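For clarity, every value in this text was computed on a predicted model and none was experimentally measured.
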Amino acid sequence: MATSTFLRNRYWMLDSQQANGMLEEYKLASEGVNQARLAGEAFLKASVCLKDKMVYLLEHRMRNEASEYLTIELKEENIPLENVRICYSPFSRTSHTAKVVASALNIPFDGPQCKVIEEFRERFFGPSFELMSHDKYLDIWALDERDPFMPPEGGESVADVVSRLTRALGTIESEFQGCAILVVSHGDPLQILQTILNAAKQHEGSTGSDLTSKIQLVKVQSILSQHRKFALLTGELRAVV
């Protein structure tokens, strides 16, 4: 399985439905469960085909065909199922999404192939914005474009999120090798993750070959301010690197 020289694994990401919190009430609704099952099927097929930058959009029509979500046909076995790892945010909805995907892939959710990673939690937008209308996010993203190192009041800046995502990647890269990693997280962390990984990939061959050095090299205003270019749709499954 081909990977970037500064990474030991290949990465996919799945954007769970938006909802913050770790209580049962924030888990997926029935449609979200079906959506996650479809994502599991799509991820397995993407892992097998190894197509670069493959994007599966979870169409509304397909969400309701639950029986098809559990039908997984392997035409090739380029990546054995035992090499799949699901790393997910601790929030209830992402945890539930990861559990549904694991079930669709026939992977034990409580086993070593699934790992909760605290650093994949949703971005904290600060008390003035937290759990507010999505329209409020426009103000934050405008701030991100002006200065990704400036946090909203009481919240996390883009650079703050990059720092914890770097720790998360370091954990994954130290524990796994040659795996297909599915990151189940939230909109902002995922688009920021793709921003830094894509930029780091373009800097391959530059000074410093380790992951942390690569990310530090691209942790600059001109790159971080553009993270919205990598926004995902809810339930979108995307290959990254």
| said: Are there over 12 heavy-atom neighbours, none belonging to Glu153, within less than 6.0 Å of that residue's CD? | reply: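 Counting neighbours around CD of Glu153, 12 or fewer heavy atoms of other residues, nucleotides or ligands fall under 6.0 Å, so no.
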
Approximate separation, where rounding is to 0.5 Å, of [X] [atom1] and [Y] [atom2]:
| X | Y | atom1 | atom2 | value |
| --- | --- | --- | --- | --- |
| Ile86 | Ser95 | CD1 | OG | 11.5 Å |
| Cys179 | Tyr11 | SG | OH | 9.0 Å |
| Gln226 | Asn198 | CD | CG | 13.0 Å |

| task | May I have the step-by-step check of side-chain hydrogen bond (donor to acceptor under 3.5 Å, both in side chains) for Glu173 and Asn9, ending in yes or no? | result | CA-CA 7 Å; Glu173 290 290 299; Asn9 305 283; 2.9 Å; yes

| What residues form a side-chain hydrogen bond (donor to acceptor under 3.5 Å, both in side chains) with Arg164, not counting sequence neighbours? |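 With neighbours one apart ignored, the set is Glu156.
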
| said: Under 3.5 Å, is there a donor on one side chain and an acceptor on the other for Asp147 and Gln221? | reply: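 No, because no side-chain N or O of Asp147 sits under 3.5 Å from a partner of the opposite role on Gln221.
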
| Do Ser163 and Lys219 meet the criterion of a side-chain donor-acceptor pair at a distance under 3.5 Å? |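 A donor-acceptor contact under 3.5 Å links the two side chains.
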
Write down the atom of [X], the atom of [Y], and the distance for their closest heavy-atom approach.
| X | Y | result |
| --- | --- | --- |
| Asn83 | Gln113 | N-NE2, 4.4 Å |
| Pro108 | Cys114 | O-SG, 3.8 Å |
| Thr195 | Ile223 | CG2-O, 3.5 Å |

When you compare the side chain of [Y] with that of [X], does any pair of heavy atoms fall below 4.5 Å?
| X | Y | value |
| --- | --- | --- |
| His227 | Val161 | no |
| Thr97 | Leu14 | yes |
| Phe6 | Lys201 | yes |

| query | Looking at residues at least two apart in the chain, or sitting in another chain, which of them share a side-chain contact (heavy atoms from CB on, under 4.5 Å) with Ala168? | reply |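 Partners of Ala168 by the side-chain contact (heavy atoms from CB on, under 4.5 Å) criterion, ordered by chain and then number, come out as Ile117, Glu119, Phe120.
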
Has the side chain of [X] got a donor or acceptor atom that lies under 3.5 Å from a matching backbone atom of [Y]?
| X | Y | answer |
| --- | --- | --- |
| Arg85 | Glu82 | yes |
| Thr94 | Ser89 | yes |
| Arg167 | Val162 | no |

| query | Can we say Asp144 and Arg123 salt-bridge, meaning some charged N sits less than 4.0 Å from an Asp/Glu carboxylate O? | reply |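 So Asp144 pairs with Arg123 through a salt bridge.
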
